[in-house]
Amino acid sequence: MAPFLNRENNQAAVTVTTKGGTYPIYIEDRIIPVLAQYLQDIEGRHFFIFCDENTKRFLDSGFRQQLSSKGAVVKSHVFPAGEETKSFSRYEEGVNFLLKNNARRDSCLIALGGGVVGDITGFMAATLLRGVDFIQIPTTLLAQVDSSVGGKTGINTEFGKNLVGAFYQPKAVLVDLKSLSSLPEREFAAGMSEVIKYALLGDIKFLEWLEDNIDALYNQEVSTLREAIRKCCEMKAAVVAKDEKETSGVRALLNLGHTFGHAIEKLAGYNGSVLHGEAIAIGMVMAAELSHIEGMISAEDVKRVRDIIKKARLPQKTDFNSEDIYSAMQGDKKADRKGLNLILLKTLGDAAIFSNIDKKNIIKAISLCA
Ligand SMILES: NC(=O)c1ccc[n+]([C@@H]2O[C@H](COP(=O)([O-])OP(=O)(O)OC[C@H]3O[C@@H](n4cnc5c(N)ncnc54)[C@H](O)[C@@H]3O)[C@@H](O)[C@H]2O)c1
């Protein structure tokens, strides 16, 4: 456990245990302004904070001064907002910033932002000097329930998303619920897509709970929000503990809707017209339709999936052509020499990986949402 985490006064909501490291997830109403309370033994330590144009607002909440007053050296770097930041050129920009500012083996990178900032910062941490400490402070719902936990880091290439990266665990994940208050509603909904994903792939009771509590979540009621995030982090931690590097198939289940969704994102060109979570929402409906076509879930189950997606103010349809989506799916990371592997629903709340699914059925499922 990293010595610089102050665990005495702070109660972890979830603990993630992997071969690559054991670390706490703290979920509190307000963490960023009091970040220094979560750290100790920091005199002389370098902290490099990465954020984007929209999350730089949190830099001025007082925590930098508190860290400096305890003898830490604190520097920050602001990336442009958006998926384009997960690129080779921004990665090089970030690493050059670190090296120019004398980053050392005992430096700590802090990702202060959504999944984009988290993924690129984690990748810099994994590769700088062959690995330095990093902390995730996720500020989107999507990052709080998903991308900040589990150690997947990386950047995009012209051939597809997340094709260059590393499994590299953070030293801690600090979830500040108040940070969500400035998040645009469309981004909040995109995060809800991943929350729904956990329910559909692994916990029918959580699905029922979500159906009852979705309005409270949109009203950002603290205890409800905390419970939803804790539940998702707990489920992700359990999966990652079993299959940190996605080798046994367990972790792949977290990709429910993602093979379809990544294809939609690729066709959209990562330009913000379709958000990751929106693409995943459509992808989950396609996966539900295909699960029904394959005889696993009922038409009522598909309706229930569509209803919760609708209640979460997420899309269920795309304008892209079914054949184009199918072609774009072929480049998916989860494809292997036997072809496409798809995560489908055996029942609501229980997913599994399937290969050799008939192309005709896949196209039919896509066309029900296209
Ligand atoms: N590593 C993983 O396991 C994993 C899992 C899922 C998704 N991802 C990746 O995460 C990325 C998507 O993450 P995202 O949805 O968080 O996108 P994002 O990081 O682009 O954030 C979405 C938008 O919200 C803004 N923003 C962030 N926090 C804010 C706040 N508190 N107030 C106001 N604005 C704020 C950002 O600047 C951005 O414009 C994708 O690149 C996806 O591939 C990674």
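It should be emphasised that the depicted structure is a prediction, and the values quoted were computed from it without experimental measurement. Start at 1 and go down the list; that is how both ligands and their atoms are numbered.
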Sub-4.0 Å atoms of ligand 1 with respect to non-hydrogen atoms of [X]:
{"X": "Lys86", "answer": "9 (C), 40 (C), 41 (O), 42 (C), 43 (O)"}
{"X": "Lys236", "answer": "3 (O)"}
{"X": "Ser182", "answer": "30 (C), 31 (N), 32 (N), 33 (C)"}
{"X": "Thr55", "answer": "27 (C), 28 (N), 29 (C)"}
{"X": "Phe58", "answer": "31 (N)"}
{"X": "Ala81", "answer": "37 (O), 39 (O)"}
{"X": "Lys161", "answer": "40 (C), 41 (O), 42 (C), 43 (O)"}

Region of [X] that comes within reach of ligand 1 [heavy atoms, distance under 4.0 Å]:
{"X": "Glu53", "answer": "neither"}
{"X": "His276", "answer": "side chain"}
{"X": "Asn162", "answer": "side chain"}

For Glu244 versus Gly20, what's the shortest heavy-atom pair and its separation?
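It is OE1-N, 3.2 Å.
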Centroid-centroid distance, Tyr91 to Phe123, less than 6.0 Å:
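Yes, ring centres under 6.0 Å apart.
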Salt bridge or not between Asp60 and Lys56? Use side-chain N to carboxylate O under 4.0 Å.
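Not counted as a salt bridge, because no side-chain N and carboxylate O are separated by less than 4.0 Å.
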Are Asp146 and Lys236 ion-paired here, with the side-chain N under 4.0 Å from a carboxylate O?
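So Asp146 pairs with Lys236 through a salt bridge.
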Among all the protein's non-hydrogen atoms, which is closest to [atom], and how far away is it?
{"atom": "atom 12 (C) of ligand 1", "answer": "Leu142 CD2, 3.9 Å"}
{"atom": "atom 36 (C) of ligand 1", "answer": "Asp52 OD2, 3.3 Å"}
{"atom": "atom 4 (C) of ligand 1", "answer": "Ser147 CB, 3.2 Å"}
{"atom": "atom 28 (N) of ligand 1", "answer": "Thr139 OG1, 2.8 Å"}
{"atom": "atom 9 (C) of ligand 1", "answer": "Asp119 OD2, 3.3 Å"}
{"atom": "atom 39 (O) of ligand 1", "answer": "Asn54 ND2, 3.1 Å"}
{"atom": "atom 35 (C) of ligand 1", "answer": "Leu183 CD1, 3.6 Å"}
{"atom": "atom 18 (P) of ligand 1", "answer": "Val116 CG2, 3.8 Å"}

Say whether [X] and [Y], considering side chains only, have a donor N or O and an acceptor N or O under 3.5 Å apart.
{"X": "Asp324", "Y": "Ser327", "result": "no"}
{"X": "Gln37", "Y": "Asn10", "result": "no"}
{"X": "His276", "Y": "Glu83", "result": "no"}

Parallel, tilted or perpendicular: which one describes the rings of His46 and Phe48, with boundaries at 30° and 60°?
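If you compare the ring of His46 with that of Phe48, the planes turn out perpendicular.
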Evaluating non-hydrogen atoms only, which member of Gly114, Gly82, Gly115 is closest to atom 11 (C) of ligand 1?
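The nearest heavy atom belongs to Gly115.
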Option nearest atom 22 (C) of ligand 1 (shortest heavy-atom distance, choices Arg57, Lys197, Glu187):
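Ranked by closest heavy atom to atom 22 (C) of ligand 1, first place is Glu187.
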For Leu348, is there any backbone N or O sitting under 3.5 Å from a side-chain donor or acceptor partner on Asp301?
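Pair absent, no side-chain N/O of Asp301 close to backbone of Leu348.
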When you measure from the side chain of Asp176 to the backbone N and O of Ile31, does any donor-acceptor pair fall under 3.5 Å?
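It does hold such a pair.
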Other residues, nucleotides and ligands only: do more than 12 of their heavy atoms fall within 6.0 Å of CD on Glu221?
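Enclosed: over 12 neighbouring heavy atoms sit under 6.0 Å from CD of Glu221.
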Kindly confirm or rule out an N or O of Arg251 lying under 3.5 angstrom from an N or O of ligand 1.
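There is no such contact.
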Looking at ligand 1, does any of its N/O atoms fall within less than 3.5 Å of an N/O of Glu194?
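In this structure, Glu194 places no N or O atom under 3.5 Å from an N or O of ligand 1.
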Check whether any heavy atom of Ser179 sits under 4.0 Å from an atom of ligand 1.
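Ser179 counts as a contact of ligand 1 under the 4.0 Å cut-off.
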Candidate list Thr318, Ile309, Ile366, test side chain to side chain contact (heavy atoms under 4.5 Å, CB included), partner Ile282, passing option
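Checked Thr318, Ile309, Ile366 against Ile282; only one passes side chain to side chain contact (heavy atoms under 4.5 Å, CB included): Thr318.
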Start with the C-alpha distance between Tyr26 and Tyr38, add both sets of side-chain angles, then the distance that settles ring-ring contact (aromatic ring centres under 6.0 Å, His included), and finish with yes or no.
CA-CA 9 Å; Tyr26 298 105; Tyr38 286 79; 5.1 Å; yes
Using the ring-ring contact (aromatic ring centres under 6.0 Å, His included) rule, take Phe188 and Tyr218 through it: C-alpha gap first, then chi angles, then the decisive distance, then the call.
CA-CA 8 Å; Phe188 188 88; Tyr218 272 86; 5.1 Å; yes
